[in-house]
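To start, the structure under review is shown below, and the notes come after it.
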Amino acid sequence: MNVYDSARMADVLAPLGYAQADGPEEADMVILNTCHIREKAAEKVYSELGRLRQIREQRAEDNPEDAGPVLAVAGCVAQAEGAEMLARAPFLDIVFGPQTYHRLPEMIVRAERAAKTGAGKKSSKGAGILDTEFPDEAKFDHLPQPRADIAAAGCTAFLTIQEGCDKFCTFCVVPYTRGVEFSRPGEAVLTECRSLVEAGVREVTLLGQNVNAYHGAAPEGGATGTASAAWDLAELITQLAGIDGLERIRYTTSHPRDMDDRLYAVHGSCEKLMPYLHLPAQSGSDRILAAMNRGYTAAEYQASVARLRQVRPDIALSGDFIVGFPGESEADFEATMELVASVNYAQAYSFKYSPRPGTPAALLENQVPDDVRGERLQRLQALLDSQQQAFNQQMVGRRLSLLLDRTGRRPGQLVGRSPYMQAVHLDGPASMLGRMVEVEITDAHANSLAGQLISGVQGPDLQPTAAMAPSEKPIGMEQIV
Ligand code: 5AD
Ligand code: SF4
């Protein structure tokens with residue numbers, strides 16, 4: 001979601017003349033968009049800020065006319081730490097949360113004014129502007145129409161449809177940093193999606209912290225076949241699937257408790273909905289699931305998986321797991337291993353429990369020692385890796401459809417995603433970027449597949465863009481984590 005939010009910040013800044021710079025050495029402003037989900041992510045912000053401060057000082061030293069970039073921190077670390085962050089990094093100009101970035105122009109004017117009056121000379125003392133409110137107005141109502149070229153940056157795009165969370169899992173900061181659950185109206189989502197498709201997007205990933213709790217206002221008339229005033233996720237997916245030129249739909253992240261009959265059904269009936277679902281279980285122990293306030297048991301989670309496989313037998317499952325939640329015994333951890341063994345994931349993310357300030361679990365006394373957490377994480381990851389390897393291996397010899405979304409590291413190499421979210425490498429001309437193609441899978445690796453082109457399905461030629469170039473960072477979800 002931070003990737004999406006950053007694109008929307010670029011939308012807000014474009015009318016002011018801002019465009020993307022190559023790096024902080026050239027930039028007039030640097031915004032760090034931050035994540036507070038685990039301690040490691042949050043700590044990175046301060047080391048990065050130290051680096052940016054040095055760049056700013058160096059620029060001022062090299063050229064007395066150059067005050068260096070305005071420095072801003074956005075996102076959930078900014079939201080959670082607010083004034084504390086300004087005290088720890090007094091050279092910052094702007095600190096703002098995920099719900100106020102539509103007010104960026106106003107914040108920039110205030111920062112510029114402070115710089116002129118000397119209150120915020122951009123060396124050791126920044127302008128110190130703070131906006132971490134949860135405003136009454138919905139930011140989406142105040143953002144400009146998304147610049148599809150910024151959002152699309154290739155043939156795949158994220159699209160936020162829901163934000164915030166009311167679930168209050170006891171380990172999680174999201175309800176405090178992103179705020180209460182909010183769904184965008186159905187028509188706003190459709191409009192944004194149409195403009196993305198016009199800009200060349202063929203796959204959208206619908207985003208929300210609790211995306212399957214989506215209940216956006218329906219355009220007049222309500223949902224098809226019902227008198228409801230809101231669209232649920234199943235209805236939204238069905239409506240989006242009607243957009244010509246949109247080939248693939250995905251959504252993330254779902255809560256097992258919000259899987260409902262209509263959503264299961266749409267996995268069976270909607271061809272554009274990809275057979276891949278990220279459905280975090282977090283633990284396989286009922287005792288720990290209750291302490292986490294997850295609202296389901298391991299058996300209920302397994303029942304969800306069974307229903308999905310009933311309607312879509314080939315569906316690939318992904319998940320999130322936390323090991324070493326306070327009070328987790330060896331037997332609790334074994335229950336997680338058993339759940340993983342029974343579900344058989346195509347891939348999954350797993351984390352050591354990280355106490356987050358202000359969350360109930362951080363106050364529990366029976367914290368699990370770090371070495372135990374580390375050892376359990378290793379065991380879980382070994383099992384998940386072996387499942388992923390086996391899942392990839394069974395693709396060899398099969399034909400899969402791919403959306404070619406970037407060039408590979410080797411000249412002449414292209415990369416696309418399979419329906420099951422695997423990265424597939426193949427040789428082909430760059431003119432095929434943005435196309436759906438058929439490939440035969442020739443080889444499987446731990447994190448990717450290799451394939452050979454069988455046919456290129458009709459589609460417009462796209463000029464390769466910077467976003468389609470090989471990235472130092474892994475593509476897709478990993479980038480967010
Ligand atoms: N410690 C470790 N992992 C966490 N997650 C969320 N909060 C924490 C925490 N305090 C993980 C969950 C969630 C994913 C996005 O991050 O598994 O699904
Ligand atoms: Fe956090 Fe997800 Fe739980 Fe909400 S449902 S509190 S976002 S882990």
Side-chain angles (χ1 to χ4, degrees), residues 1-4 34-44 75-77 79-80 98-99 160-183 205 207-214 233 251-259 277-285 288-296 300-301 304 317-328 333 336 339-340 343 345 347-364 367-370 372-374 376-377 380-381 384 476-481:
M1 190 172 282
N2 275 7
V3 174
Y4 176 86
T34 63
C35 175
H36 202 239
I37 196 87
R38 285 171 296 275
E39 194 178 354
K40 220 163 147 186
E43 272 305 314
K44 275 189 201 160
C76 290
V77 180
Q79 186 66 42
Q99 301 311 343
T160 294
I161 63 167
Q162 179 278 341
E163 226 187 324
C165 182
D166 296 340
K167 295 282 194 291
F168 290 94
C169 301
T170 54
F171 53 81
C172 184
V173 289
V174 166
Y176 312 98
T177 55
R178 286 267 169 186
V180 293
E181 225 177 272
F182 165 82
S183 294
T205 302
L207 298 181
Q209 273 84 31
N210 237 280
V211 74
N212 57 341
Y214 176 83
L233 183 58
Y251 64 92
T252 201
T253 287
S254 297
H255 195 293
R257 215 164 77 192
D258 290 321
M259 294 302 298
L277 186 64
H278 183 66
L279 193 64
Q282 311 297 0
S283 169
S285 154
I288 295 296
L289 285 169
M292 287 176 163
N293 191 31
R294 290 290 289 178
Y296 54 84
E300 284 163 347
Y301 180 89
S304 279
L317 288 162
S318 158
D320 286 339
F321 291 92
I322 297 177
V323 299
F325 182 84
E328 185 189 74
F333 175 68
T336 300
L339 177 74
V340 170
V343 170
Y345 289 91
Q347 69 110 60
Y349 303 94
S350 46
F351 315 99
K352 275 200 251 182
Y353 168 71
S354 166
R356 306 309 294 125
T359 58
L363 300 175
L364 295 174
Q367 300 286 326
V368 175
D370 189 56
V372 177
R373 280 185 274 165
R376 287 180 188 165
L377 186 66
L380 175 60
Q381 289 186 338
L384 290 168
M477 287 295 296
E478 298 89 328
Q479 200 170 330
I480 306 173
V481 169

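Order of listing sets the numbers, starting from 1, for every ligand and every atom in it.
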Run Y349 and S318 through side chain to side chain contact (heavy atoms under 4.5 Å, CB included) and show every step you take. CA-CA 8 Å; Y349 303 94; S318 158; 4.3 Å; yes

Side chain to side chain contact (heavy atoms under 4.5 Å, CB included), that's the test. Do H255 and N212 meet it? Break it down for me. CA-CA 7 Å; H255 195 293; N212 57 341; 4.1 Å; yes

Residues L377, S350; criterion side chain to side chain contact (heavy atoms under 4.5 Å, CB included); working and verdict: CA-CA 7 Å; L377 186 66; S350 46; 3.8 Å; yes

Please step through side chain to side chain contact (heavy atoms under 4.5 Å, CB included) for the pair L233 and I161, ending with a clear verdict. CA-CA 9 Å; L233 183 58; I161 63 167; 3.7 Å; yes

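Around atom 4 (Fe) of ligand 2, the protein atoms of type N, O or S that sit closer than 2.8 Å are C165 SG.
In this structure, F351 has its ring center at least 6.0 angstrom away from the ring center of F171. Between F333 and F325, the distance from one ring center to the other does not fall under 6.0 angstrom.
When all heavy atoms are compared, the tightest approach of A281 to L289 is O-CD2, 3.4 Å. The minimum heavy-atom distance linking R373 with V368 is given by the pair NE-O, 3.0 Å. For P280 against R294, the heavy-atom pair with the smallest separation is O-NH2, 3.2 Å.
Note on ring orientation: taking the six-membered ring where Trp is involved, the planes of Y296 and Y301 are tilted (angle from 30° to 60°).
Each of I37, R38, F171, Q282, D320, I322, F351, K352, Y353, S354, R356 has a non-hydrogen atom positioned under 4.0 Å from some atom of ligand 1.
Residue contacts with ligand 2 include R294, since one or more of its heavy atoms lies under 4.0 Å from the ligand.
For ligand 2, the atoms closer than 4.0 angstrom to any heavy atom of F171 are 8 (S).
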